[in-house]
Amino acid sequence: MDKLIQPGFGLIIWQAVIFLVVLFLLTKFAWKPVLKSIKDREATIEGALNAAEEAKAEMAKLKSDNERLIKEAKVERDAILKAANETAEKLITESKLKAREEADKEKEKVLVAIENEKRSAVASLRKEAADLSVEIAEKVLRKELSQKPAQDALLDSYVKEGELALLN
Amino acid sequence: MTAGVFAALGAGLVAIGAALGIGKIGSSAMEGIARQPEAGGKIQTAMIIAAALIEGVSLFAVLVTLLAVQAG
Amino acid sequence: MKTTVTYVGNWLKNLFIIAGLTSLMTGVAVASESHGADHGHGAHGEEAAHGHASAEESEDVDITEVIGHHISDGHDWHIIDINDHPVSVPLPVILYSSEKGLDVFLSSKFQHNDDGKVVVETKAGNRYVKVHEEIYFASEKANAHGAFVEMDEHHHPVNAKPYDVSLTKDVAEMLLGVSLMLVIFISVANGAKKREGKAPRGIQSFFEPLILFVRDEIAIPNIGKKHHERFMPFLLTVFFFIWINNLLGLLPGAPNLTGNIAVTLTLAVFTLVITVVNGNKNYWLHIFATPGVPWWLLPIMVPIEIIGIFTKPFSLMVRLFANITAGHIVILCVIGLIFMFKSAYVGVASVPFGVFMNALELLVAFLQAFVFTLLSAIYFGSAVEEGHH
């Protein structure tokens with residue numbers, strides 16, 4: 001077994017020579033091309049991935065732009081609608097107010113006219129009544145002087161007449 | 001003959017020591033990986049390196065026992 | 001990074017399915033190998049061949065010998081014995097010495113003899129013998145045991161030795177492994193070139209995740225994005241060299257290449273050299289004037305740091321060697337139990353256990369390649385780290 005841990009001279013020489021030759025050959029014909037192709041492929045893949053990432057970012061940007069535009073449009077629409085509503089409401093209230101004012105004014109005018117008429121009517125009635133009473137009083141006084149019963153009858157008829165006239 | 005017996009005993013002791021060491025590394029590494037699975041790769045490499053170092057020491061010891069047998 | 005991990009995870013799952021099948025085959029084949037190996041062993045086998053009376057005796061298996069034979073390098077690639085006749089692939093023996101010059105012949109000339117009894121005489125008149133897979137210059141006369149070598153009191157030959165740079169079974173295996181690597185990775189590279197910028201297909205989609213794994217899990221985290229590219233070829237080559245040869249070593253009859261200390265030594269020396277060569281100002285500063293250490297401690301710290309430069313690759317060397325060799329020894333021991341107890345019933349227990357061990361070895365094959373590469377990357381990382389003081 002002692003040979004086991006004594007390196008053989010010949011094998012060392014062979015191993016060194018063969019290993020160096022293989023190292024040279026493989027480096028030249030295998031490792032360099034393979035590593036280069038792997039590197040190239042990785043670069044391609046990385047490039048593709050980057051491009052995809054960029055496209056994705058672009059898409060996201062476009063989407064967010066769109067969303068922003070839609071949002072803005074919505075806001076604008078809402079604002080317009082709101083303004084229109086407000087205007088309409090205002091118009092309605094205003095017209096209502098105006099109408100009521102007008103009506104009130106008309107009413108007042110009519111009331112005033114009625115009052116005036118009433119006042120003039122009362123005044124004229126008062127004058128008529130006064131005239132009539134004066135007239136009656138005159139007539140009564142005249143009859144009184146001639147005959148008592150006739151005078152009474154006459155007074156009655158005059159009062160009736162006066163009443164009728166007043167009523168008419 | 002005596003040298004052989006003692007060398008075998010020595011090799012046995014080496015095996016016990018190395019087994020303890022590598023067992024400790026293995027258990028700790030597994031604990032570590034279970035706790036942090038995302039660090040598994042790094043832990044594995046470190047584990048192999050540490051195990052290799054212990055193995056190196058035990059191999060030196062085996063070599064010494066081998067030499068002891070030859071020395072008679 | 002996460003996807004790479006999942007990918008490798010799925011991939012390992014597939015591996016385990018293959019593992020089950022392969023280990024089954026390996027178990028059977030290792031059994032046949034260990035059965036055969038005792039016969040091929042020198043005098044013992046030869047004596048057995050003389051008379052069938054002693055055949056019963058020759059069934060005694062020296063498991064240690066079998067295992068030793070399996071896990072060490074050899075001059076021929078011994079596969080199996082059929083009816084006491086060893087079947088092996090002869091490999092070229094290449095010897096050199098300054099006085100006698102260069103000699104090349106086939107290992108079959110030793111006629112499977114491994115204890116110095118068969119002398120090979122070359123055209124130049126040089127005589128060689130092989131004892132325990134070491135080649136010596138043969139003595140003029142045979143000694144008392146019939147071997148052409150002089151032995152010292154420990155039964156070690158004292159004859160002079162030539163430089164042995166034979167193409168041994170480990171070298172043959174290594175050539176096989178690296179040819180496989182070249183075929184695989186050049187076709188992966190061709191696929192990558194053909195399908196520029198497209199998804200990988202076929203063999204390419206099997207190995208590209210692994211290459212990515214080495215880059216993303218080993219190189220970049222430990223060396224840093226700035227410097228990792230410089231070390232990628234070495235890391236990838238080491239990773240796949242170790243892994244593929246680990247796997248090949250698990251095949252029936254295959255030699256134990258990555259469990260050979262010469263191989264792991266060379267790999268570790270490469271790591272050491274690359275670390276030292278790439279060491280920047282900060283790296284050397286850490287060794288010769290560790291920041292934050294009081295000056296009077298430096299006489300102690302500097303030698304420790306300098307020793308540290310060498311112990312790191314030394315541990316790399318020993319780790320790979322010991323893990324792979326130990327795996328092979330355990331599997332062979334488990335299978336060897338059948339032959340030690342001379343009972344097929346032992347197989348009921350030892351074959352499933354052997355299968356299990358083989359599956360485990362498939363995991364170890366990957367893990368050791370990973371650990372070697374990871375630690376190399378960490379050492380490189382410490383060499384090129386920028387100071388942050």
Side-chain angles (χ1 to χ4, degrees), chain A residues 1-68 70-71, chain C residues 64 67-68 71-73 94 132-134 163-168 170-171 174-175 178 181-182 184-193 195-200 204 207-208 211-212 215 229 232-234 236-238 240-241 257 259-267 269-270 317-318 321 325:
Chain A
M1 293 286 258
D2 55 342
K3 273 186 72 188
L4 208 57
I5 48 173
Q6 285 168 0
F9 166 77
L11 193 53
I12 292 180
I13 303 282
W14 279 105
Q15 159 75 7
V17 170
I18 292 175
F19 188 82
L20 284 177
V21 169
V22 168
L23 181 61
F24 171 76
L25 288 178
L26 282 180
T27 305
K28 187 145 190 248
F29 297 111
W31 305 138
K32 282 216 170 122
V34 171
L35 287 173
K36 193 182 156 284
S37 92
I38 287 175
K39 219 173 173 182
D40 288 351
R41 195 184 311 143
E42 274 174 350
T44 318
I45 290 170
E46 204 162 313
L49 280 178
N50 280 346
E53 200 70 26
E54 259 167 39
K56 214 168 140 193
E58 191 81 2
M59 280 280 280
K61 202 175 147 244
L62 274 176
K63 210 174 152 195
S64 75
D65 270 5
N66 277 348
E67 254 162 34
R68 195 170 50 81
I70 288 170
K71 217 183 230 170
Chain C
T64 321
I67 293 172
I71 59 180
S72 12
D73 204 356
I94 303 162
H132 297 298
E133 293 298 345
E134 297 275 351
Y163 288 114
D164 184 357
V165 280
S166 306
L167 205 152
T168 56
D170 279 1
V171 178
M174 195 193 309
L175 287 170
V178 298
M181 277 173 80
L182 286 172
I184 288 171
F185 291 110
I186 288 174
S187 71
V188 169
N190 284 341
K193 262 185 242 160
R195 284 181 286 277
E196 184 102 50
K198 287 190 194 135
Q204 196 195 349
F207 282 99
E208 265 192 22
I211 294 171
L212 269 176
R215 194 192 67 172
E229 269 174 42
M232 277 309 288
F234 177 76
L236 283 168
T237 314
V238 156
F240 287 108
F241 181 88
L257 176 66
N260 191 308
I261 202 153
V263 172
T264 63
L265 170 80
T266 316
L267 290 174
V269 166
F270 278 126
M317 167 185 91
V318 176
F321 152 74
T325 303

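Reminder, nothing fancy here: chain letters follow the sequence lines and each chain counts from 1.
- Using a 4.5 Å cut-off on side-chain heavy atoms (C-beta onward), C/Met232 and A/Val34 make no contact.
- The nearest pair of heavy atoms linking C/Phe185 to A/Ala30 is O-CB, 3.5 Å.
- Under the 4.5 Å side-chain criterion, counting only non-hydrogen atoms from C-beta, A/Leu11 is in contact with C/Val263.
- Using a 4.5 Å cut-off between heavy atoms, A/Lys32 makes no contact with chain C at all.
- Contact check for A/Phe9 versus C/Val165: side-chain heavy atoms found under the 4.5 Å cut-off.
- Looking at heavy atoms from C-beta onward, A/Lys39 lies in side-chain contact with C/Glu229 at the 4.5 angstrom threshold.
- Between chain A and the options C/Leu175, C/Val171, C/Val269, heavy-atom pairs under 4.5 Å are most frequent for C/Val171.
- In this structure, C/Phe270 CZ and A/Gln15 CD are separated by 7.0 Å, a value rounded to the nearest 0.5 Å.
- C/Leu167 places a side-chain heavy atom less than 4.5 Å from the side chain of A/Trp14.
- Per-residue counts of heavy-atom pairs under 4.5 Å with chain C were compared for A/Val22, A/Ile38, A/Thr27; the largest is that of A/Ile38.
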Please walk me through it: do A/Trp31 and C/Phe234 pass ring pair (Phe, Tyr, Trp, His ring centres under 6.0 Å)?
CA-CA 10 Å; A/Trp31 305 138; C/Phe234 177 76; over 10 Å; no

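- Between atom CG of residue A/Leu35 and atom CG of residue C/Leu236 there is a gap of 6.0 Å, rounded to the nearest 0.5 Å.
- For the atom pair CG (A/Leu23) and OG1 (C/Thr237), the distance works out to 4.5 Å, reported to the nearest 0.5 Å.
- For A/Phe24, the side-chain contact (heavy atoms from CB on, under 4.5 Å) partners are A/Lys28, not counting sequence neighbours.
- Note on C/Ile184, C/Ile94, C/Asp164: by heavy-atom pairs under 4.5 Å with chain A, the leading option is C/Asp164.
- With a 4.5 Å cut-off on side-chain heavy atoms, A/Lys36 and C/Lys193 do not count as touching.
- With chain A as the partner, the residue from C/Glu133, C/Glu208, C/Gln204 showing the most heavy-atom pairs under 4.5 Å is C/Glu208.
- Top candidate by heavy-atom pairs under 4.5 Å with chain A, chosen from C/Val238, C/Thr325, C/Val318, C/Leu257, is C/Val238.
- For the pair C/Asn190 and A/Phe29, the minimum side-chain heavy-atom distance is 4.5 Å or more.
- Residues meeting the side-chain hydrogen bond (donor to acceptor under 3.5 Å, both in side chains) test with C/Thr264, sequence neighbours left out: none.
- Chain A forms the most heavy-atom pairs under 4.5 Å with one residue out of C/Met317, C/Met181, C/Met174, and that residue is C/Met174.
- Contacts of A/Ile45 with chain C are absent, with no heavy-atom separation under 4.5 Å from either backbone or side chain.
- The contact between C/Leu265 and chain A is made entirely by side chain atoms (from C-beta outward), counting heavy-atom distances below 4.5 Å.
- For a residue to count as touching a neighbouring chain, one of its non-hydrogen atoms must lie under 4.5 Å from one of that chain's; by this rule A/Ile18 touches chain C with the side chain only.
- Heavy-atom minimum distance, C/Ile261 versus A/Gln6: CG2-C, 3.9 Å.
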